[in-house]
2 protein chains.
Amino acid sequence: MTPQPATRERRRDADRTRAEILKVAEQEFTKQGYAGARVDEIAALMRTTKRMIYYYFGSKEQLYIAVLEKAYAEVRAAERTVDVEHLAPVEAIRTLAELTFDHHDAHREFIKLVAIENIHQAEHIRKSEALANLGTPVLDLIERILDAGTASGDFVTEADAIDVHMMISAFCVFRVANQHTFGTLFGRDMTAPEHRARQRRMVGEMIVGYLRGEGSLR
Amino acid sequence: MTPQPATRERRRDADRTRAEILKVAEQEFTKQGYAGARVDEIAALMRTTKRMIYYYFGSKEQLYIAVLEKAYAEVRAAERTVDVEHLAPVEAIRTLAELTFDHHDAHREFIKLVAIENIHQAEHIRKSEALANLGTPVLDLIERILDAGTASGDFVTEADAIDVHMMISAFCVFRVANQHTFGTLFGRDMTAPEHRARQRRMVGEMIVGYLRGEGSLR
DNA sequence: GATGTTACGAACTAGGTAGTTAATTAACGT
DNA sequence: ACGTTAATTAACTACCTAGTTCGTAACATC
C-alpha cells in the first residue's frame with residue numbers, strides 16, 4: 001500500500017541502535033570507570049539487549065574504544081572551528097585560552113573519559129589507530145601565535161608550544177576533573193556557575209601574564 | 001634463654017602485615033582503579049593471604065579508604081614542613097608553587113589515587129571522617145602571602161586564595177595525572193626528567209606573572 | 001510472496017570475585 | 001608449663017559478569 005514515510009519509526013534501525021549503545025555506554029563508563037562499568041547495566045538502560053552490544057561492537061573493550069573515538073572526534077570538530085588568526089598575539093592567545101576553557105566546560109564527559117584512560121595508562125587510545133596519530137593542529141596555531149608575539153615584542157618569555165598548551169589545558173581540565181575531591185576538601189565546587197566567568201578570565205590572564213614575562217626572575 | 005632482640009624477624013607481626021597490605025593495596029589500586037583492583041591479586045602479591053585483608057580491613061572498600069587516608073596523611077605531613085613566611089611576597093608565592101611542584105612530582109601515586117577518587121565522585125573520601133574535614137592550612141598561608149603582596153604593591157591582581165591554590169595545583173597535577181594521554185597525543189612525556197626543571201620554573205613564573213597583573217585587560 | 005540478509009531477543013555458560021568458615025599455630029602473661 | 005588470645009591459613013560459597021548459543025522476526029529485492 002502506502003510506502004512508509006522516511007520519518008516512520010522503524011522497528012529495526014541499525015544506526016539508531018548503534019548510536020544509542022554508544023550514548024548509554026559513554027554515560028556508564030564515565031560514571032563507573034572502565035572496570036566498574038557493567039555491560040549488563042548498559043543493556044538494561046536501553047531499549048535493546050546486551051546481545052546487540054556484542055553484535056555491533058564485539059567486546060566491552062571495543063565498545064569502550066568506540067566511545068573514546070567518538071568523544072575525541074567531537075573535540076577535534078570543535079577545535080577546527082577556532083579562528084584566532086586575525087587577532088594580535090596577546091588577544092589571540094587569550095582567546096585561545098578562553099575557547100579551551102569554554103570547550104572543556106561544555107564537554108565534561110570527555111574530560112572524565114580522559115581521566116579514566118590515564119588511569120589505564122592510555123592503553124586503549126594506543127590500541128586505536130584512529131586516535132594514535134592524532135596530531136593536533138592546535139600546536140601549530142600556538143606556534144604561530146608565539147612567533148608573532150615574540151616578533152612584535154609583546155611576549156618576552158621564551159615558550160614552547162607544547163608547554164603553553166599544557167598550561168592552558170591543565171587549568172581547564174583540573175577544575176572539572178578534580179571537582180569532587182577539591183570540592184570536598186576546600187568546600188568549593190569549582191565548576192559551579194558563580195565561579196565560571198571569573199575562572200574564565202583567570203586562564204587568559206594567567207597565560208598572558210606568563211608570556212609577557214613579568215613572572216621571570218629579576 | 002636469650003631474649004629475642006627487638007630486630008628479630010617475628011613470624012607473627014600485626015603491624016608489619018597491616019603495613020604490607022596497605023603498601024601492596026596502594027600499588028594495585030593506583031594501577032587498576034578501584035573496581036579494577038582485585039583483592040585476590042593484592043593477596044597474591046604478598047607473603048600473607050586474602051583472609052588477612054578481611055581480618056584487618058573488613059572489606060575491599062574499607063581497605064581502599066585506608067589507603068586514601070594513609071596517602072593524605074603523608075601529604076599533610078609534607079605540607080607542614082613548608083616554611084615560606086620569612087620571604088617577600090613574590091618569592092614566597094613562587095617558592096610555594098615550586099614546593100607544590102616538587103611535592104606532586106614526588107608523590108605520583110597519590111595523584112593517581114585522587115584521580116580515581118574523582119571518577120567515583122569522591123564518595124569514599126566523604127565516607128572517611130578522617131578526610132572529610134581536612135581543612136588545609138595551605139589556604140591560610142596563601143591568604144597571608146596575598147595580603148602581604150597586595151599591601152606592598154607587588155601584586156596587582158585581586159586574587160582569591162582558593163583560586164590561586166587551584167591554579168598551582170592544576171599545573172602540578174595535570175602533568176602527572178594526564179601524562180599518558182598527553183604523551184600519546186603530543187609525543188612528549190611531560191614527566192620525563194629533561195622537562196622537569198623547565199616546568200618547575202614555569203609554574204613559578206606563571207603564578208607570579210598572574211599576580212603581578214600583567215595579564216589583565218588593558 | 002518467496003528468498004536471502006540484517007537486526008534482534010531470551011536463555012545460557014564458564015570463569016571470575018568479594019567475602020566466609022572453621023581449624024591451626026605462634027606469642028605471651030602467669 | 002599451660003591456658004588464653006591474637007594472628008594466620010586453606011578451602012569454600014554464593015553471586016556476578018563478560019561473552020555465547022540458537023532461534024526468530026523484520027526488511028529488501030526480485
Side-chain angles (χ1 to χ4, degrees), chain A residues 1-29 31-67 116 120 123-124 127, chain B residues 1-25 28-29 31-67 116 120 123-124 127:
Chain A
M1 305 272 134
T2 51
Q4 304 295 356
T7 55
R8 172 204 152 191
E9 188 195 326
R10 295 178 25 145
R11 293 197 186 161
R12 316 200 133 191
D13 188 334
D15 290 344
R16 186 200 137 134
T17 302
R18 214 173 181 284
E20 187 176 0
I21 293 171
L22 275 176
K23 194 190 74 192
V24 175
E26 180 179 36
Q27 292 169 7
E28 177 76 359
F29 281 122
K31 272 186 197 148
Q32 311 289 343
Y34 175 69
R38 300 285 169 245
V39 178
D40 282 294
E41 180 63 18
I42 294 170
L45 293 169
M46 300 186 297
R47 51 152 196 75
T48 184
T49 64
K50 181 166 65 153
R51 178 67 186 83
M52 289 300 95
I53 293 170
Y54 289 90
Y55 184 71
Y56 286 111
F57 297 97
S59 70
K60 180 183 181 179
E61 187 181 17
Q62 286 173 271
L63 171 61
Y64 174 68
I65 291 174
V67 168
I116 291 165
H120 296 284
E123 65 170 298
H124 306 103
K127 273 179 192 166
Chain B
M1 309 265 132
T2 50
Q4 302 295 355
T7 56
R8 173 202 153 193
E9 188 197 327
R10 293 172 32 139
R11 293 195 186 165
R12 309 198 141 191
D13 188 333
D15 290 344
R16 185 197 135 137
T17 302
R18 214 173 181 286
E20 187 176 359
I21 292 172
L22 275 176
K23 195 189 76 192
V24 176
E28 178 75 1
F29 280 123
K31 272 187 197 148
Q32 310 288 343
Y34 176 69
R38 298 288 168 242
V39 178
D40 282 295
E41 181 62 17
I42 294 170
L45 292 169
M46 299 186 296
R47 52 151 194 78
T48 183
T49 63
K50 179 166 67 154
R51 181 66 185 82
M52 288 297 93
I53 294 170
Y54 288 90
Y55 184 71
Y56 287 111
F57 297 97
S59 71
K60 180 183 181 179
E61 187 181 18
Q62 286 174 270
L63 172 61
Y64 174 68
I65 290 174
V67 168
I116 291 165
H120 297 283
E123 64 169 299
H124 306 102
K127 274 180 193 167

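Letters go in sequence order (proteins before strands), and every chain restarts at 1. All values below were derived from every heavy atom in this structure, side-chain atoms included, with hydrogens, water molecules and symmetry-related copies excluded.
- Non-hydrogen atoms lying under 4.0 Å from DNA chain C are contributed by B/Y54, B/S59, B/K60, all within residues 52-62 of chain B.
- At distances below 3.5 Å, not a single donor-acceptor pair connects side-chain atoms of B/E28 with backbone N or O atoms of B/V39.
- Distance, B/I42 CD1 to C/dG19 P: 11 Å, rounded to whole Å.
- Checking the phosphate oxygens (OP1, OP2) of C/dC8, a side-chain nitrogen or oxygen of A/T17 falls inside 4.0 Å.
- Within the structure, a side-chain polar atom (N or O) of A/R38 is placed less than 4.0 Å from OP1 or OP2 of D/dA18.
- Here the P atom of nucleotide C/dA7 and the CD atom of A/E20 are 16 Å apart, to the nearest Å.
- With sequence neighbours excluded, no residue satisfies side-chain contact (heavy atoms from CB on, under 4.5 Å) with A/K31.
- Qualifying side-chain contact (heavy atoms from CB on, under 4.5 Å) partners for B/E20, counting only residues two or more places apart in sequence or in other chains: B/R16, B/V24, B/M46, B/R47.
- At whole-Å resolution of the value, CD in A/Q32 and P in D/dC16 are 15 Å apart.
- In this structure, A/Y64 places its OH atom 17 Å from C1' of D/dA18, rounding to the nearest Å.
- Residue contacts shown for B/A43 are absent, as no nucleic acid heavy atom lies under 4.0 Å away.
- Atom NZ in A/K50 sits about 6 Å away from atom C1' in D/dA18, given to the nearest Å.
- Rounding to whole angstrom units, CG of residue A/D13 and P of C/dT5 are separated by 21 Å.
- With axes fitted over five pairs at each extremity, the angle between the ends of the helix from C/dG1-D/dC30 to C/dT30-D/dA1 is 20° (10° resolution).
- When the ring-ring contact (aromatic ring centres under 6.0 Å, His included) test is applied to A/Y64, the partners found at least two apart in sequence or on another chain are A/F29, A/Y34, A/H124.
- Residues passing the side-chain contact (heavy atoms from CB on, under 4.5 Å) test with A/A66 are A/L22, A/F57, sequence neighbours excluded.
- As rounded to whole Å, 6 Å separates atom P of C/dC8 from atom CZ of A/R47.
- Taking side-chain N and O atoms only, B/T48 has a distance below 4.0 Å to OP1 or OP2 of D/dT9.
- At whole-Å resolution of the value, CE in B/M46 and P in D/dA7 are 15 Å apart.
- Counting non-hydrogen atoms under 4.0 angstrom, B/R51 reaches a base of the nucleic acid.
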